[in-house]
Amino acid sequence: VTIPPGSPMAKAGTGGGRLGASIVDRTENGQLTTTKLWDPGTGAFPCGATINGLNDAARADVSCVGVHMRLNVGVNGCAIP
């Protein structure tokens, strides 16, 4: 969801900028905020209501509730900036 500052891709973009997306902060009413999109404690994405059999913990490998684990957001040594 973001390129770590020490990565070669952090300055490989146009004009020495970041290469790729940086999805860290929330957008509200069309404006970027400083509120983290991902839960700073767990790395979890705000998925809304949990529906058993659709997006519950048993389906974390394929649903929204486990997307932070699949993308390494706040886990496995990948800190949220």
Does the side chain of Arg59 reach to within under 4.5 Å of the side chain of Val65, using non-hydrogen atoms? no

Does Phe45 reach the side chain of Val1, with side-chain heavy atoms less than 4.5 Å apart?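 No - every pair of side-chain heavy atoms lies 4.5 Å or more apart.
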
Give, for atom [atom1] of [X] and atom [atom2] of [Y], the distance between the pair rounded to the nearest 0.5 Å.
X     : Y     : atom1 : atom2 : value
Ser63 : Leu54 : OG    : CG    : 7.5 Å
Thr27 : Leu32 : OG1   : CG    : 5.0 Å
Thr42 : Ile80 : OG1   : CD1   : 7.5 Å
Thr2  : Asp25 : OG1   : CG    : 9.5 Å
Asn72 : Asn76 : CG    : CG    : 4.5 Å

Indicate, with yes or no, if Val75 and Val73 share a hydrophobic cluster defined by side-chain heavy-atom contacts under 4.5 Å among Ile, Leu, Val, Met, Phe, Trp and Tyr. no

Side-chain heavy atoms nearer than 4.5 Å, only ILVMFWY residues, links allowed to pass through others: does that put Ile3 and Ile23 together?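 No, it is not one cluster - the side chains of Ile3 and Ile23 are not joined through contacts under 4.5 Å.
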
Look at atom NZ of Lys11 and say whether more than 12 heavy atoms of other residues, nucleotides or ligands are closer to it than 6.0 Å. no

Where do Trp38 and Val24 come nearest, in terms of heavy atoms and distance?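 Shortest heavy-atom contact: CD1-O, 4.1 Å.
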
Nearest heavy-atom pair of Pro4 and Ala10: which atoms, and what distance?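 Looking at all heavy atoms of both residues, the closest pair is O-CB, 3.6 Å.
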
Can any side-chain N or O of Arg26 pair as donor or acceptor with the backbone N or O of Thr33 at less than 3.5 Å? no

